[in-house]
S.K.: 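Sharing a structure below in structure tokens format, with a few things to ask.
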Amino acid sequence: MAKFRRRTCIILALFILFIFSLMMGLKMLRPNTATFGAPFGLDLLPELHQRTIHLGKNFDFQKSDRISSETNTKNLKSVEITMKPSKASELNLDELPLLNNYLHVFYYSWYGNPQFDGKYIHWNHPVLEHWDPRIAKNYPQGRHNPPDDIGSSFYPELGSYSSRDPSVIETHMRQMRSASIGVLALSWYPPDVNDENGEPTDNLVPTILDKAHKYNLKVTFHIEPYSNRDDQNMYKNVKYIIDKYGNHPAFYRYKTKTGNALPMFYVYDSYITKPEKWANLLTTSGSWSIRNSPYDGLFIALLVEEKHKYDILQSGFDGIYTYFATNGFTYGSSHQNWASLKLFCDKYNLIFIPSVGPGYIDTSIRPWNTQNTRNRINGKYYEIALSAALQTRPSLISITSFNEWHEGTQIEKAVPKRTSNTVYLDYRPHKPGLYLELTRKWSEKYSKERATYALDHQLPVS
């Protein structure tokens, strides 16, 4: 009897050991994101220079003692795991939520792949060198190698897609509509002009407008800092956009307090151009003035530093936005400054558009920039930003971004993926559509709250 009892105990112990080993093995298949870092990041960084893509060489990133926990796990030997998009996730058109045209999202159409473009574009983004050679030598160089190795810390549900693929564009519009986003702010360069890692994309605008219209979305333009941008060529480019696209039913116009419906243009890196140049375009007495002409519009400047407030006033802009999804990275992107920025805008009759984002991580292309990572904390970081934005009672809110994958600010669906040397971050334990669902939730909340204060502040309500 004792021998039987001893044998039973041994078998039970072996079974428990087997279960424990199995659980540990399964756990190791998940990406290691360590512990959550503080969501509010670093203090304001002082020096501002011209950027590469969005951050580039703007600030001093040498405080390497603050390392974020949200990083890719490299050099792991395992089989590749890729999840395919699920048809069950598609929504019936009749079930799509109401649109909120006061919620805008920044959208990028610069991605390409061999099937549609003859080569990979942007997914093969180069690893950018730090400007200090002493720091640069400590980090890898070269380019990413799609489709398994892309310039992002997350991996899209749609794979390394092409922005020219009509089915991709339609899926994007459907995702935006499901999130109750009303307007996409399209990253735009003039015809035959492109960013340093891409190709011209203006010829995609008609398709994007058509697909947006199918879902009753509107399209506004996020004008990038193309080479030698000034008052004269801005006048020509605004004229080009309005003449070519202004009659399309998806072309966005914002109804002002005076009842005028005007096009809106976000102007990225507006601070690069001197206020005197902008005043030539944006004031009634300017030599290239668009005011009170068929090409008049609402021009929204990027505010990075506090001193930009007065440059923006002098320039004749109609409002400000903050773009960056990194709380604490700039004066403008710091939530604690939004209330005072809103007061400033109210005082001078400017539109205040805070920019919120789900997180930030660009170490796939700037491996030396770990201290500016903002962990998503399973959606909490995004909700904190949205709550902070709503507290200012803004006329509009912008989201950074729908699909800026290089900087990890996307709300587009992402899936788990593991290759022989990379484990991509993902949205688990939640589903790939987590940030679309959170956007929908907060869009509905914003729509209800805005309706209560719009009349008091004489804001447009339709």
Side-chain angles (χ1 to χ4, degrees), residues 31 33 35-42 54-55 68-71 97 100 102-108 152-157 172 175-185 321-330 332-338 353-362 372-392 394 396-416 424-450:
T33 54
T35 56
F36 289 124
F40 297 110
L42 303 176
H54 290 308
L55 289 176
S68 167
S69 62
E70 188 170 28
T71 56
N100 183 350
Y102 304 114
L103 186 62
H104 299 184
V105 68
F106 295 111
Y107 181 70
Y108 294 87
S152 173
S153 295
F154 294 85
Y155 203 85
E157 184 184 63
H172 285 170
Q175 287 188 19
M176 289 182 218
R177 177 64 194 266
S178 74
S180 193
I181 294 168
V183 180
L184 62 106
Y321 74 116
T322 59
Y323 187 78
F324 297 106
T326 42
N327 183 24
F329 174 59
T330 70
S333 70
S334 299
H335 303 166
Q336 65 182 17
N337 298 323
W338 287 354
I353 309 177
S355 301
V356 301
Y360 186 94
I361 181 168
D362 67 355
N372 279 301
T373 295
R374 299 294 183 269
N375 196 297
R376 293 188 174 221
I377 324 176
N378 292 323
K380 291 180 182 177
Y381 180 86
Y382 191 34
E383 295 199 86
I384 288 170
L386 285 157
S387 177
L390 261 64
Q391 287 175 29
T392 68
L396 300 165
I397 294 176
S398 56
I399 299 170
T400 307
S401 64
F402 181 79
N403 64 339
E404 218 298 9
W405 289 92
H406 304 310
E407 296 181 345
T409 62
Q410 79 290 335
I411 62 171
E412 184 183 354
K413 292 183 179 182
V415 293
Y424 289 90
L425 300 174
D426 57 66
Y427 305 159
R428 293 182 296 180
H430 301 283
K431 295 180 180 179
L434 169 65
Y435 293 94
L436 300 175
E437 294 168 6
L438 289 176
T439 303
R440 174 176 178 172
K441 166 188 163 182
W442 282 88
S443 176
E444 292 171 352
K445 179 177 174 64
Y446 174 41
S447 184
K448 291 176 183 177
E449 290 190 10
R450 193 183 187 281

S.K.: Any side-chain heavy-atom pair from Tyr382 and Thr439 closer than 4.5 angstrom?
M.R.: yes

S.K.: Does the Glu412 side chain pair with the main chain of Ala414, one donor and one acceptor, at a distance under 3.5 Å?
M.R.: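 Not at all, since once roles are kept as given, no pair shorter than 3.5 Å links the two residues.
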
S.K.: Do the rings of Phe106 and Tyr321 sit parallel, tilted or perpendicular, given the 30° and 60° boundaries?
M.R.: tilted

S.K.: Just by modelled atom types, is the Gln175 backbone N or O under 3.5 Å from a matching donor or acceptor in the Ser178 side chain?
M.R.: yes

S.K.: How long is the span from the CG atom in Asn403 to the OH atom in Tyr107, to the nearest 0.5 Å?
M.R.: 5.5 Å

S.K.: Does the side chain of Ser387 reach to within under 4.5 Å of the side chain of Trp442, using non-hydrogen atoms?
M.R.: yes

S.K.: To the nearest 0.5 angstrom, please state how far the CD1 atom of Ile411 sits from the OG atom of Ser401.
M.R.: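 Between atom CD1 of Ile411 and atom OG of Ser401 there are 7.5 Å.
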
S.K.: Just jot down the salt bridge (Lys or Arg N to Asp or Glu O under 4.0 Å) partners of Glu437, sequence neighbours excluded, or say none.
M.R.: none

S.K.: Using a 3.5 Å distance criterion without hydrogens, assess whether the side chain of Asn327 forms a donor-acceptor pair with backbone atoms of His335.
M.R.: yes

S.K.: Lys441: which residues meet the salt bridge (Lys or Arg N to Asp or Glu O under 4.0 Å) condition with it, sequence neighbours left out?
M.R.: Glu383

S.K.: Do you know which two heavy atoms are closest between Leu396 and Pro354, and how far apart they sit?
M.R.: O-CD, 3.4 Å

S.K.: Drop me the distance from Glu407's CD to Ser153's OG, to the nearest 0.5 angstrom.
M.R.: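 Output value for this atom pair is 11.0 Å.
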
S.K.: Side chains of Tyr323 and Ser398: is there a donor and an acceptor less than 3.5 Å apart?
M.R.: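 The criterion, which ignores hydrogens and geometry beyond distance, is not satisfied for Ser398 and Tyr323.
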
S.K.: Between the side chains of Tyr360 and Asp362, does any donor sit under 3.5 Å from an acceptor?
M.R.: yes

S.K.: Sequence neighbours left out, what passes side-chain hydrogen bond (donor to acceptor under 3.5 Å, both in side chains) with Ser180? Give chain and number order.
M.R.: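 side-chain hydrogen bond (donor to acceptor under 3.5 Å, both in side chains) list for Ser180, sorted by chain: Ser443.
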
S.K.: So, the side chain of Arg374 versus the backbone of Ile361: is there a donor-acceptor pair under 3.5 Å, distance only?
M.R.: no

S.K.: To check you understand the geometry: which heavy-atom pair defines the closest contact between Ala385 and Val356, and what is its length?
M.R.: O-CG1, 3.5 Å

S.K.: Which value, rounded to the nearest 0.5 Å, describes the distance between Leu390 atom CG and Glu449 atom CD?
M.R.: 4.5 Å

S.K.: Looking at Thr326 and Asn372, what are the two nearest heavy atoms and their distance?
M.R.: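 The pair with the smallest heavy-atom distance is CG2-O, 3.4 Å.
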
S.K.: Is it true that Trp338 and Gln391 share a donor-acceptor pair across their side chains at a distance under 3.5 Å?
M.R.: no

S.K.: Once rounded to the nearest 0.5 Å, what's the spacing between atom OH of Tyr446 and atom CD1 of Ile397?
M.R.: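 Output value for this atom pair is 4.5 Å.
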
S.K.: Does Lys448 form a salt bridge (Lys or Arg N to Asp or Glu O under 4.0 Å) with Glu444? I'd like the steps, not just the answer.
M.R.: CA-CA 6 Å; Lys448 291 176 183 177; Glu444 292 171 352; 5.9 Å; no

S.K.: Of the non-hydrogen atoms in Pro429 and Asn378, which two are nearest, and what is the gap between them?
M.R.: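 Shortest heavy-atom separation between Pro429 and Asn378 comes out as CD-OD1, 3.6 Å.
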
S.K.: Do Arg376 and Phe154 come within less than 4.5 Å of each other through their side chains, counting heavy atoms only?
M.R.: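 Of all side-chain heavy-atom pairs linking Phe154 with Arg376, at least one is under 4.5 Å.
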
S.K.: Looking only at the aromatic ring of each residue, does the gap between the centers of Tyr435 and Tyr427 stay below 6.0 angstrom?
M.R.: yes

S.K.: Out of curiosity, Lys413 NZ to Leu436 CG, how far, rounded to the nearest 0.5 Å?
M.R.: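 Interatomic distance, Lys413 NZ to Leu436 CG, rounded to 0.5 Å: 6.5 Å.
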
S.K.: Anything under 30° is parallel, anything over 60° is perpendicular, the rest tilted; go ahead and classify Phe329 against Phe324.
M.R.: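 Ring orientation of Phe329 relative to Phe324: perpendicular.
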
